[in-house]
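Inspection log for the structure reproduced underneath, given as structure tokens.
These numbers were taken from a predicted model, which means no experiment stands behind them. Positions are given from 1, in the same order as the sequence printed here.
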Amino acid sequence: MLLSSPARLWLLPNAALLTAASIWGIVRYPHLPGRIPQHIGIDGVDAWTNRSVGSAFALVFVHIGVTVLLTACAELTLRVTPSSELPDDIAPAGNGPFGNGPARSSLNRPRTRASAVRSARALLALNACVGISLLIGCAVLWRSTPERDVSGWLFTAMVVPILAGTALTVASALRDRRTPAYEGPSRN
């Protein structure tokens, strides 16, 4: 199973971004100069490398890796049993910050199935935001001329989508934490 069908639709933006970046890179590759940016610092390009498929498509490969990682995290989030679906007869393991039983010891367990789906969607949205940032980086990497100067907006343009995706993911987690806590069996 690769994600539940409601969450699977959230992979479409990532697939579209990866496809667009790949096609754009394939079209641009023959027109790239012999040396392309390897690292972009605050003052512009500060390291160069010879053009190769690996160096030209490094950001696309990073996006593929991030997509695999965050999709796996989303899948695992959907597969874990939410705390609301755990049996009530689990023996208590004492009081403390980590719950009241062995199966409840994970602080990161979703409280409900709906919150698991919400978290999975937030992770896939974060991945799309990372893809947007990497696509902006590709615009600099795939320029036709080897210029050292980079526009001042580049850093902001690359960071803002990642911050937005992170905020969405954190908001999803906080929403899950605000739902009523699991009320296990009474110990009286």
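- Residue pairs meeting the side-chain hydrogen bond (donor to acceptor under 3.5 Å, both in side chains) criterion with at least one partner in residues 29-41, sequence neighbours excluded, are Arg35-Asn50, His39-Asp46.
- Residue Phe61 is grouped with residue Ile26 when hydrophobic side chains (ILVMFWY) are merged at heavy-atom distances under 4.5 angstrom, including chains of intermediate members.
- Sequence neighbours left out, not one pair with a member in residues 133-142 passes side-chain hydrogen bond (donor to acceptor under 3.5 Å, both in side chains).
- Identified under the ring pair (Phe, Tyr, Trp, His ring centres under 6.0 Å) test for residues 157-178, with sequence neighbours left out: none.
- The shortest non-hydrogen separation linking Pro161 to Ala157 is CD-O, 3.0 Å.
- Considering every non-hydrogen atom in both Trp10 and Ala125, the closest pair reads CZ3-CB, 4.1 Å.
- Taking Ala114 as the reference, Thr112, Arg118 meet the side chain to side chain contact (heavy atoms under 4.5 Å, CB included) condition, with sequence neighbours excluded.
- Between the CG atom of Asn14 and the CD1 atom of Ile64 there is a distance of 12.0 Å, given to the nearest 0.5 Å.
- Under the 4.5 angstrom side-chain criterion for Ile, Leu, Val, Met, Phe, Trp and Tyr, the cluster partners of Phe155 are Val159, Leu163.
- The two residues Val60 and Cys138 come nearest to each other via the heavy atoms CG2-SG, 4.4 Å.
- Scanning for side chain to side chain contact (heavy atoms under 4.5 Å, CB included) contacts around Ser55 gives Ile36, Thr49, Ser52, with sequence neighbours left out.
- Taken to the nearest 0.5 Å, the OG1 atom of Thr71 stands 5.5 Å off from the CG atom of Asn127.
- By the side chain to side chain donor-acceptor pair (under 3.5 Å) test, Arg28 is found to be paired with Ser144, residues two or more places apart in sequence or in another chain being considered.
- Not one N or O on the side chain of Arg175 forms a donor-acceptor pair closer than 3.5 Å with the backbone of Ser172.
- Applying the side chain to side chain contact (heavy atoms under 4.5 Å, CB included) rule to Val160 yields the partners Thr156; only residues at least two apart in sequence or on another chain are considered.
- Partners of Ser22 according to the side chain to side chain donor-acceptor pair (under 3.5 Å) rule, which considers only residues two or more places apart in sequence or in another chain, do not exist here.
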**Study point:** Steps toward side chain to side chain contact (heavy atoms under 4.5 Å, CB included) verdict (Trp153, Ile136)
**Key:** CA-CA 11 Å; Trp153 60 265; Ile136 293 167; 3.9 Å; yes
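- In the hydrophobic cluster analysis, where Ile, Leu, Val, Met, Phe, Trp and Tyr join through side-chain heavy atoms closer than 4.5 angstrom, Leu32 is grouped apart from Val27.
- A search for side chain to side chain contact (heavy atoms under 4.5 Å, CB included) contacts involving Leu17 returns His63, Ala128, Ile132, Leu135, not counting sequence neighbours.
- Note that CG of Leu141 and CZ of Arg51 are 12.0 Å apart. Values are rounded to the nearest 0.5 Å.
- Cluster membership for Ile23 and Val53, using ILVMFWY side-chain heavy atoms within less than 4.5 angstrom, is not shared.
- Counting heavy atoms from C-beta outward, Leu168 and Leu126 have side chains that stay 4.5 Å or more apart.
- Judged as a salt bridge (Lys or Arg N to Asp or Glu O under 4.0 Å), and not counting sequence neighbours, the contacts of Arg113 are Glu85.
- Rounded to the nearest 0.5 angstrom, Leu70 CG and Leu123 CG are separated by 6.0 Å.
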